[in-house]
Amino acid sequence: MDIRMIAVGSLKETYWRGACAEYLKRLQAFAKVEVVELADEKAPERLSEAQRQQVMRKEGERILSRIREREVVAALCIDGRAYTSEAFATWLGEVEQGGNPLVLVIGGSLGLHECVLKRAQFRLSFSAMTFPHQLCRVILLEQVYRGYRILRNQPYHK
């Protein structure tokens with residue numbers, strides 16, 4: 001299956017880049033996975049709600065410009081569905097069987113604009129807690145890798 005992760009913001013720290021590179025390498029045995037980094041919108045520390053929405057809208061438009069019509073889109077957001085690793089693997093297998101490419105979307109520090117959430121067929125959540133988007137990228141790649149290991153009945157640490 002073709003999987004593309006669209007992530008707002010770049011990984012500046014070497015430890016985040018190294019972790020992502022490791023999981024991308026491992027995933028080569030299961031799927032073609034590409035990570036697309038989009039620029040985050042520069043914003044002052046304190047924003048009004050209107051400014052916040054404007055920043056998220058601009059980032060959302062950048063995200064949507066990279067999504068094709070037939071792709072299945074899953075957006076990471078705090079109000080999404082939380083899966084166990086086994087249930088996520090089952091979901092991943094169902095998406096794979098559908099035959100369309102999968103796009104996993106991670107927003108910037110303010111989250112995802114409603115335009116992206118409307119385009120997404122799925123909303124995924126890791127937790128009710130908030131995590132930095134750099135860490136979410138690592139966790140998501142690890143869970144996709146774990147999901148494939150589970151689907152193939154291959155051992156993986158618990």
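Everything numeric here is computed off the predicted structure, so don't read it as measured data.
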Does the side chain of [X] reach to within under 4.5 Å of the side chain of [Y], using non-hydrogen atoms?
| X | Y | answer |
| --- | --- | --- |
| Q154 | F30 | yes |
| E37 | L11 | yes |
| Y15 | Q134 | no |
| D40 | K42 | yes |
| I150 | S85 | yes |

Hydrophobic cluster membership, [X] vs [Y], 4.5 Å side-chain cutoff:
| X | Y | value |
| --- | --- | --- |
| L76 | V36 | no |
| Y83 | L135 | yes |
| V8 | V35 | no |
| L141 | V72 | yes |
| F131 | M5 | yes |

Drop me the distance from [X]'s [atom1] to [Y]'s [atom2], to the nearest 0.5 angstrom.
| X | Y | atom1 | atom2 | result |
| --- | --- | --- | --- | --- |
| L47 | Q53 | CG | CD | 10.5 Å |
| H133 | S10 | NE2 | OG | 7.0 Å |
| I63 | M56 | CD1 | CE | 10.5 Å |
| R26 | R146 | CZ | CZ | 10.0 Å |
| C20 | I139 | SG | CD1 | 10.5 Å |

(request) Applying salt bridge (charged side-chain N to carboxylate O under 4.0 Å, His left out), run through R62 and E41 and close with a yes or a no. (result) CA-CA 10 Å; R62 276 190 212 119; E41 194 65 24; 2.4 Å; yes
(request) Work out which heavy atom in L151 is nearest to a heavy atom in A89; give both atom names and the distance. (result)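 That closest heavy-atom pairing would be CD2-O, 3.3 Å.
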(message) Please give me the minimum heavy-atom distance between A31 and I3, naming the atom from each residue.
(response)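 Taking A31 first and I3 second, the nearest heavy atoms are CB-CD1, 4.1 Å.
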(message) Going by side-chain hydrogen bond (donor to acceptor under 3.5 Å, both in side chains), name the residues that satisfy it together with Q28, two or more places apart in sequence or in a different chain.
(response)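 Q28 satisfies side-chain hydrogen bond (donor to acceptor under 3.5 Å, both in side chains) with no residue once adjacent residues are dropped.
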(request) Fit a plane to each ring of Y145 and Y23, take the angle between them on a 0 to 90° scale, and name the class: parallel (under 30°), tilted (30 to 60°) or perpendicular (over 60°). (result)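 The rings of Y145 and Y23 sit tilted, inter-plane angle from 30° to 60°.
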Name each donor-acceptor pair under 3.5 Å that joins a side chain in residues 97-114 to protein atoms two or more places apart or in another chain, with its distance.
from : atom 1 : to   : atom 2 : distance (Å)
N100 : OD1    : R70  : NH1    : 3.4
H113 : ND1    : C115 : N      : 3.0

(request) Ignoring hydrogens and angles, tell me if any N or O in the side chain of R4 forms a donor-acceptor pair with the backbone of V33 under 3.5 Å. (result)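 Side chain of R4 to backbone of V33: no pair is present.
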Report, one line per pair, each donor and acceptor closer than 3.5 Å where one atom sits in a side chain of residues 119-126; sequence neighbours left out.
from : atom 1 : to   : atom 2 : distance (Å)
R119 : NH1    : Q121 : OE1    : 3.4
R119 : NH2    : R68  : O      : 2.9
R119 : NH2    : E69  : O      : 3.3
R119 : NH2    : E71  : O      : 3.1
Q121 : OE1    : V73  : N      : 2.7
S125 : OG     : I78  : O      : 3.4
S125 : OG     : S127 : N      : 3.2
S125 : OG     : S127 : O      : 3.0

(request) Could you please spell out the steps behind the salt bridge (charged side-chain N to carboxylate O under 4.0 Å, His left out) verdict for R66 and E34? (result) CA-CA 12 Å; R66 302 300 297 262; E34 174 190 11; 5.2 Å; no
(message) Please determine whether a side-chain nitrogen of the Lys or Arg among K25 and E22 lies less than 4.0 Å from a carboxylate oxygen of the Asp or Glu.
(response)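 Looking at K25 and E22, the cut-off is met.
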